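Below you'll find the structure, written out as structure tokens, and then a few comments.
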Amino acid sequence: MKKRILAMIIAICFIFSACQQQKNTIQDMAQIQMFAMDTFIDLKAAGENGQQALLKAEKEINHLEQLFSTTLEKSEIYAINQNAGIAPITVTEDTFYLIQKAKQYYEFTDGAFDITIAPVVKAWGFTEEQKRVPSEQEIQQKLELVNQNKLHIDAENNTVFLEKQNMAIDLGGIAKGYASDKVNEILKQEGITSAVISLGGNVSVIGKKEDGSKWKVAIQDPLNEQGFAGVLEVEDTCVITSGVYQRFFEQYGKRYHHIIDTKTGKPAETGLLSVTIVCKNGTMADMLSTSIMVAGLEKGSELWKKSQDFGVIFITEEKEIYITEDISDLFTLDEDTAYKVSVIKK
Ligand code: AMP
Ligand code: MG
């Protein structure tokens, strides 16, 4: 947890210092920092209405956490999970929308993204106090509960039902991206034309900096906690990263991270250290970064080839960076790193 917060603070400081060179940019922006959705959040908005807009955004994030948390006993997700095998639960629009989206994404990713993975995530302790390596038998038992076909949604009544007892859902792979979309919407409604929203590894920018230049978003070097692999220069988009360094524990010298391969029930081992998605839609970006960590470089590239909507940066254990051609011009490699960069073409 401490490591993650440190990495996030470094990333935010980077955005800050990158903008420092142009005076009257970040300094004049309203700012709110908070801890919610199990992550450090930093919101900045320019303009007269900045502070008021951010207060509304803060309220929305807290509201979404109350809906989506797997551990808060008053959350809608908690109620759905508690009522697995018992009864359908009526939920609000936000929760229904996100679960419906997650079901579509299951199809789109050929099962790599699956919110019914919750019992397995729990067995590894990622949603508990204590992280641990479950036995092979326990993993197999929990995998039997992972079943998208037994997650039923009813659009007429806004209900969600898990058919089998002990099934559960976990929106951890998608909720922060959705929150960034909602914050984006609120800030735009409030007339904000220049802002940076950072929810842990999820960055969303509105417009450009006040001086007219693009935002610089640093991409964490997965092999160096304090360093960056490079920088993306962007406007009006989301830059969302999932990586093996974000949430993990070590046992007998082996690292176990929080992104679970739905086939094996174990942390995904595809040779990828991180996946960054550049996409206008934060919900989609968040889902994709998680699921491409599971799908791997080859299948992830295939997904990209099928779509016009997003760009990808893959960082591998072999110290390679693969970047899709649509975003390659936006990326500058940090010269202190040893990564070899290749461009993926359609
Ligand atoms: P992210 O940090 O966005 O990559 O999301 C990781 C989180 O998503 C984990 O902490 C779990 O809560 C959840 N998760 C892990 N594996 C999967 C998966 N294969 N499909 C959907 N959600 C997952
Ligand atoms: Mg994600």
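Whatever order the structure lists ligands and atoms in, that order sets their numbers, starting from 1. Throughout, numbering of the chain's residues begins at 1 and tracks the sequence. Source: prediction; values computed, not measured.
At a 3.5 angstrom cut-off on N or O pairs, Ile260 counts as close to ligand 1. Ligand 1 has an N or O atom lying under 3.5 Å from an N or O atom of Asp170, backbone or side chain. Close N/O approach between Gly173 and ligand 1 is found [any backbone or side-chain N/O within under 3.5 Å]. Considering backbone and side-chain N/O atoms, Ser289 never comes within less than 3.5 Å of an N/O atom of ligand 1.
Through direct or relayed side-chain contacts under 4.5 Å between Ile, Leu, Val, Met, Phe, Trp and Tyr, Phe249 connects to Ile117, Val120, Val121, Trp124, Phe126, Val133, Ile139, Leu143, Val146, Tyr256, Ile260.
For the Mg ion (ligand 2), protein N/O/S neighbours under 2.8 Å (waters excluded) are Gly173 O, Asp286 O, Asp286 OD1, Thr290 OG1.
Of all atoms in ligand 1, listed by their number and element, those nearer than 4.0 Å to a heavy atom of Thr290 are 1 (P), 3 (O), 4 (O), 5 (O). Near Ser242, the atoms of ligand 1 lying under 4.0 angstrom from a non-hydrogen atom of the residue are 1 (P), 3 (O), 4 (O). Listed by number with element, the atoms of ligand 1 under 4.0 Å from a non-hydrogen atom of Thr262 are 19 (N).
Considering only residues two or more places apart in sequence or on other chains, Tyr97 meets the ring pair (Phe, Tyr, Trp, His ring centres under 6.0 Å) condition with Tyr178.
Each of His257, Arg255, His258, Met293 was scored for a side-chain contact (heavy atoms from CB on, under 4.5 Å) with Pro267, with one residue passing: His257.
Residue His258 holds the heavy atom nearest to atom 6 (C) of ligand 1 of all those in Met287, His258, Lys263.
Under a 3.5 Å cut-off, the side chain of Glu60 and the backbone N or O of Ala179 do not form any donor-acceptor pair. His152 contributes no side-chain N or O that, together with a main-chain N or O of Thr159, makes up a donor-acceptor pair within less than 3.5 Å. In terms of modelled atom types and a separation under 3.5 Å, the side chain of Asn83 and the main chain of Ala79 share a donor-acceptor contact. Distance alone, capped at 3.5 Å, places no donor-acceptor pair between the Ser328 side chain and the Val343 backbone. With Asp261 contributing its side chain and Val294 its backbone, the two residues share no donor-acceptor pair below 3.5 Å. Under the 3.5 Å distance criterion, the side-chain polar atoms of Glu163 are left unmatched by any main-chain donor or acceptor of Met167.
Using a 4.0 angstrom heavy-atom cutoff, Phe126 does not count as in contact with ligand 1.
With contacts defined as side-chain heavy-atom distances shorter than 4.5 Å, the pair Thr290/Ile174 does not qualify. With contacts defined as side-chain heavy-atom distances shorter than 4.5 Å, the pair Thr70/Ile169 does not qualify.
Among all protein heavy atoms, the one lying closest to atom 23 (C) of ligand 1 is Ile117 CG2, 3.8 Å.
At a 4.0 Å heavy-atom cut-off, ligand 1 touches Ala112 through the backbone alone. Proximity of Asp114 to ligand 1, defined as any heavy-atom pair under 4.0 Å, is confined to the backbone N, CA, C and O atoms.
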Enumerate, atom names and distances included, each donor-acceptor pair closer than 3.5 Å involving a side-chain atom of residues 231-239, sequence neighbours excluded.
from   : atom 1 : to     : atom 2 : distance (Å)
Asp236 : OD1    : Gly207 : N      : 3.1
Thr237 : OG1    : Cys279 : O      : 3.2

